[in-house]
There are 2 protein chains.
Amino acid sequence: MLKNMNFIEKLRETGLRPTKQRVKICEILFNREKTFHFTINDLAKKIFEELNEKISLATVYNTVHALQKKGYLKEISINSNKSYFDTNTSVHHHFYDEDTHQLIDCDENEIETVNIKKNITGKKINSVEVLVRVASDNQNQN
Amino acid sequence: MLKNMNFIEKLRETGLRPTKQRVKICEILFNREKTFHFTINDLAKKIFEELNEKISLATVYNTVHALQKKGYLKEISINSNKSYFDTNTSVHHHFYDEDTHQLIDCDENEIETVNIKKNITGKKINSVEVLVRVASDNQNQN
DNA sequence: TCAACAGTTTAGAATAATTATAATATATAA
DNA sequence: TTATATATTATAATTATTCTAAACTGTTGA
Ligand SMILES: [Mn+2]
Ligand SMILES: [Mn+2]
Ligand SMILES: [Zn+2]
Ligand SMILES: [Zn+2]
């Protein structure tokens with residue numbers, strides 16, 4: 001689902017009825033330059049800021065899960081108390097800023113391809129993803 | 001906290017009172033050959049199997065968090081609905097079996113050192129960890 | 001055009017993991 | 001042994017998420 005699209009068409013193509021709520025959520029999620037990493041709460045807050053009316057939390061959950069199922073969103077595991085979602089659905093790596101709790105995507109060229117030497121018989125590799133945890137460097141005030 | 005230790009001594013050394021419950025939990029967690037990856041529920045179940053009396057869930061949480069704070073346990077993020085803990089507290093990589101929901105540690109030599117080319121000014125890297133998701137290979141029945 | 005129907009939204013209830021509370025019990029220092 | 005700080009426990013509270021069931025809306029085809 002790319003930038004500045006007709007989301008009504010797009011939703012219909014993927015078998016999702018283009019309701020007012022879904023179109024608005026798609027605009028918020030996908031009409032942007034960069035990858036968006038968010039929690040359900042981030043999204044609900046942004047919806048309320050951009051619209052003046054609010055969309056039910058249940059609908060936000062429903063829509064995010066529907067978009068995820070259709071492959072337009074990906075869930076990311078950073079910590080275990082809430083779900084993060086990502087508009088970049090490719091297999092890719094992240095920096096996680098432990099101070100600001102922000103996720104940053106890594107481009108292909110920023111992390112060398114990870115070489116896996118282990119093989120588990122009967123199992124295939126679905127994804128290989130790196131998480132780089134960073135925090136402010138208060139040590140070297142030199 | 002190594003295998004077959006006097007956990008009463010060990011706990012006292014780290015400033016934790018060696019209560020009956022803590023000693024028993026340490027025995028279950030650390031008296032084993034291999035790394036133990038577990039959820040609070042896994043641990044609570046195992047406690048009830050090995051002891052005949054049960055330890056309050058609140059105490060299980062308290063003890064796991066106390067051990068984590070002292071550096072004897074590490075929290076792992078696999079999915080966002082429950083916490084996984086790891087008796088291997090070093091920075092290391094994992095295979096996650098999406099069929100069985102089991103975590104497997106990677107040895108140093110099983111994944112080549114990940115080369116990070118990106119630098120974020122003012123931030124230092126705390127850890128670089130790889131998660132390899134695997135699942136049963138039903139494709140090649142050839 | 002518009003009724004019919006399936007799919008969607010919604011508020012609120014239910015669930016599940018985790019954390020907080022506060023009374024009771026225990027470990028340890030004096 | 002006794003006093004004090006800490007820990008355990010049952011239970012309540014909290015938080016994220018999912019479920020429910022009634023009201024609503026998008027779409028289809030007469
Ligand atoms: Mn947690
Ligand atoms: Mn989830
Ligand atoms: Zn991303
Ligand atoms: Zn591990």
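Numbered from 1 within each chain, the chains take letters A, B, ... in sequence-line order.
Taken to the nearest 0.5 Å, the CG atom of B:L67 stands 8.0 Å off from the CZ atom of B:R22.
Within the 4.0 angstrom heavy-atom criterion, no nucleotide atom of any strand lies near A:N41.
The side-chain hydrogen bond (donor to acceptor under 3.5 Å, both in side chains) test with B:D86 singles out one residue from B:Q68, B:H92, B:K74, and that residue is B:H92.
In this structure, A:L67 atom CG and C:dT8 atom P are separated by 12 Å, rounded to whole Å. Spacing between atom NZ of A:K69 and atom P of C:dG7 amounts to 13 Å, rounded to whole angstrom units. For the pair B:N79 CG and D:dT18 P, the computed distance is 11 Å after rounding to whole Å. For B:I55 and C:dT26, the CD1 to C1' distance is 15 Å, given to the nearest whole Å. Regarding B:N62, its CG atom lies at a distance of 9 Å from the C1' atom of C:dT19, rounded to whole Å. Distance CD (B:E13) to P (C:dT28): 13 Å, rounded to an integer number of Å.
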TODO: Determine, for nucleotides 25-30 of chain D in 5'-to-3' order, which nucleotides have protein heavy atoms under 4.0 Å from the base (write B), from only the sugar-phosphate (write S), or from neither (write -).
DONE: BBS---
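Contact check, A:S56 against C:dT9: no side-chain N or O comes under 4.0 Å of OP1 or OP2. Residue A:H65 has a polar side-chain atom (N or O) positioned under 4.0 Å from OP1 or OP2 of D:dT18. At C:dT18, one or more side-chain N or O atoms of B:Y61 fall inside 4.0 Å of OP1 or OP2 (strictly under the cut-off). Dashed line: the shortest gap from a side-chain N or O of B:R22 to OP1 or OP2 of D:dT8 is under 4.0 Å. Phosphate contact (OP1/OP2 of C:dT26, side-chain N/O of B:Q21, threshold under 4.0 Å): absent. Between A:S83 and the phosphate of D:dT17, there is a side-chain N or O to OP1/OP2 separation shorter than 4.0 Å.
Using a 4.0 Å cut-off between charged side-chain N and carboxylate O, B:E110 and A:K117 make no salt bridge.
The side chain of A:A58 sits closest to C:dA11 out of D:dT9, C:dA11, C:dT18.
Proximity of A:T63 to A:I55: side-chain heavy atoms (C-beta onward) are nowhere separated by under 4.5 Å. Looking at B:E98 and B:V134, their side chains never come closer than 4.5 Å, going by heavy atoms from C-beta outward.
Remark: A:Y96 engages no residue in a ring-ring contact (aromatic ring centres under 6.0 Å, His included) (not counting sequence neighbours).
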Task: Criterion salt bridge (charged side-chain N to carboxylate O under 4.0 Å, His left out) on A:K46 and A:E49, from CA distance to verdict - done: CA-CA 5 Å; A:K46 205 167 280 279; A:E49 289 167 9; 5.1 Å; no
